[in-house]
There are 2 protein chains.
Amino acid sequence: MNYYCYVCNMGVTKTEIFTEQQNRVADLAKAFAHPARVAILQLLIARKACVCGDLVDELELAQATVSQHLKELKRIGIIQGEINPPRVCYCINPVVWQEAKSAFGGMLDSFADISCCN
Amino acid sequence: MNYYCYVCNMGVTKTEIFTEQQNRVADLAKAFAHPARVAILQLLIARKACVCGDLVDELELAQATVSQHLKELKRIGIIQGEINPPRVCYCINPVVWQEAKSAFGGMLDSFADISCCN
DNA sequence: TAAATCAATCGTAATATTACATTATAACAA
DNA sequence: TTGTTATAATGTAATATTACGATTGATTTA
């Protein structure tokens, strides 16, 4: 993928003009930027253990769609999957979850309630 | 907008099958889900005051693009703009910022480091 | 071996997002 | 009134995302 037009930049996020940190925050935020992914993360936490395809039963989404969201969450790194045939068990990746905590925490705490136009 | 195909649901987020809270978290996360918006929010915080179109100078993005990101941030509610002709000053909306803090905080703290596949 | 199960992948269809040039608007200054 | 300045809105082009049916592959069970 990513065979895009080199003449214009339309529709393409210009990652190179932002800092590493800004791009990472944006990526971590994407894990939470779709209600289905929020629901998946909440289910994984509530179960305190790996869940597999019952995510499909809980959510009113097709198996292919759930799988696609899981793939995105894995790409970001916030969840990990363990193959346990014929199932695959998913759970939160504690290291990346901690990273998200720091990243959002740092960002959110940097605002000290001082706005000019209150 | 939103004149989409009623037969299929392709490409359309099925907001109705998720809770109010899940949809709101997802929406708030969108404020941080693009590096340009992260950069804009960081600039607004660093200045401790409203900034106008110098955002365009700071970021290597066209004015129209910055304006579009500001519009999205305003839609979410996390920033507010005060018209001060011919400028518009933007700043963080403290109420919504606090909402984001609670929402992400609640979500992030709900995971207690217990994963089955560590 | 054959059937069943589960999840990933592929293909496709549609909307959403990102980016920018251009145009419009609104206020002030000359 | 006319010009200047700053911002918003519009139009357009391209990629990204979301969703799902169908297929594939891997493994277990009968």
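Residue numbers begin at 1 in each chain, while the letters A, B, ... track the order of the sequences. Treat the numbers as computed from the prediction; the structure is a model and nothing was measured.
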A.B. asks: Within the pair A:Thr65 and D:dT18, is there a side-chain N or O less than 4.0 Å away from OP1 or OP2?
C.D. replies: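 For D:dT18, neither OP1 nor OP2 has a side-chain N or O of A:Thr65 closer than 4.0 Å.
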A.B. asks: Which whole-number value in Å describes the distance from B:Leu73 CG to C:dT17 P?
C.D. replies: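 So the two atoms are 13 Å apart, to the nearest Å.
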A.B. asks: Reading DNA chain C from 5' onward, which residue's closest nucleotide shows up sooner: B:Glu60 or B:Glu72?
C.D. replies: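 In this pair, the answer is B:Glu72.
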A.B. asks: Grab the CZ-C1' distance between A:Arg37 and D:dA16 for me, whole Å please.
C.D. replies: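 To the nearest whole Å, that distance equals 11 Å.
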A.B. asks: Please report, rounded to the nearest Å, how far the P atom of C:dC6 is from the OH atom of A:Tyr90.
C.D. replies: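 In whole Å, C:dC6 P lies 14 Å from A:Tyr90 OH.
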A.B. asks: Could you list the protein-to-nucleotides 21-23 of chain D atom pairs, N/O on both sides, closer than 3.5 Å?
C.D. replies:
none

A.B. asks: Between A:Gln42 and B:Gln21, does the side chain to side chain donor-acceptor pair (under 3.5 Å) criterion hold? Intermediate values first, please.
C.D. replies: CA-CA 12 Å; A:Gln42 287 177 336; B:Gln21 187 252 354; 3.2 Å; yes
A.B. asks: Can you pull out the residues from residues 19-32 of chain B that lie within a 4.0 Å heavy-atom distance of DNA chain D?
C.D. replies: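 DNA chain D contact set from residues 19-32 of chain B: none.
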A.B. asks: The side chain of B:Val88 lies closest to which of these nucleotides: C:dT18, D:dT7, C:dA8?
C.D. replies: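 When the side chain of B:Val88 is considered, D:dT7 is the closest of C:dT18, D:dT7, C:dA8.
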A.B. asks: Give, for atom CD1 of B:Ile92 and atom CG of B:Leu44, the distance between the pair rounded to the nearest 0.5 Å.
C.D. replies: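 Between B:Ile92 CD1 and B:Leu44 CG, I get 5.0 Å after rounding to 0.5 Å.
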A.B. asks: Do the side chain of B:Gln22 and the main chain of B:Thr19 share a donor and acceptor less than 3.5 angstrom apart?
C.D. replies: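 Checking the backbone N and O of B:Thr19 against the side chain of B:Gln22, a donor-acceptor pair under 3.5 Å is found.
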A.B. asks: CG of B:Leu59 versus C1' of C:dC20: gap in Å, rounded?
C.D. replies: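 It works out to 15 Å between those atoms.
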A.B. asks: Give, for atom NZ of A:Lys101 and atom CE of B:Met107, the distance between the pair rounded to the nearest 0.5 Å.
C.D. replies: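 Answer rounded to 0.5 Å: 12.0 Å.
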A.B. asks: Atom CG of B:Leu70 to atom C1' of D:dT7: distance rounded to whole Å?
C.D. replies: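 Whole-Å distance recorded here is 10 Å.
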A.B. asks: Can you tell me if the side-chain N/O atoms of A:His34 get under 4.0 Å from OP1 or OP2 in C:dA16?
C.D. replies: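 The answer is no; no side-chain N or O of A:His34 sits under 4.0 Å from OP1 or OP2.
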A.B. asks: For B:Glu16, does the CD atom have more than 12 heavy-atom neighbours from other residues, nucleotides or ligands under 6.0 Å away?
C.D. replies: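 Buried by this count: over 12 neighbours within 6.0 Å.
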A.B. asks: How are the rings of B:His34 and B:His69 set to each other: parallel, tilted or perpendicular (split at 30° and 60°)?
C.D. replies: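 Taking B:His69 first and then B:His34, their aromatic rings sit tilted (interplane angle of 30° to 60°).
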A.B. asks: Could you state the atom-to-atom distance from CD1 of B:Ile79 to C1' of D:dT7 in whole Å?
C.D. replies: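 Value for this atom pair: 13 Å.
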A.B. asks: D:dA19, OP1 or OP2 - any side-chain N/O from A:His69 closer than 4.0 Å?
C.D. replies: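 For D:dA19, OP1/OP2 do have a side-chain N/O of A:His69 under 4.0 Å.
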A.B. asks: Which of these nucleotides, C:dA19, D:dA19, D:dT7, is closest to any side-chain atom of A:Leu61?
C.D. replies: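 Ranking C:dA19, D:dA19, D:dT7 by closest atom to the A:Leu61 side chain puts D:dA19 first.
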A.B. asks: Quick one: A:Gln80 CD to C:dA7 P, roughly how many Å, whole number?
C.D. replies: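 Result: 17 Å.
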A.B. asks: How long is the gap from CH2 on A:Trp97 to OG on A:Ser102, to the nearest 0.5 Å?
C.D. replies: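 A:Trp97 atom CH2 to A:Ser102 atom OG measures 13.0 Å (nearest 0.5 Å).
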A.B. asks: For the atom pair CD1 (A:Ile78) and CG (A:Leu41), what is the distance rounded to the nearest 0.5 Å?
C.D. replies: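 The CG atom of A:Leu41 is 6.0 Å from CD1 of A:Ile78, to the nearest 0.5 Å.
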A.B. asks: Does a side-chain heavy-atom distance below 4.5 Å link B:Leu61 with B:Leu55?
C.D. replies: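 No, side chains not in contact.
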A.B. asks: Given atom CD of B:Gln68 and atom P of D:dA13, what is their separation to the nearest angstrom?
C.D. replies: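 Answer to the nearest Å: 16 Å.
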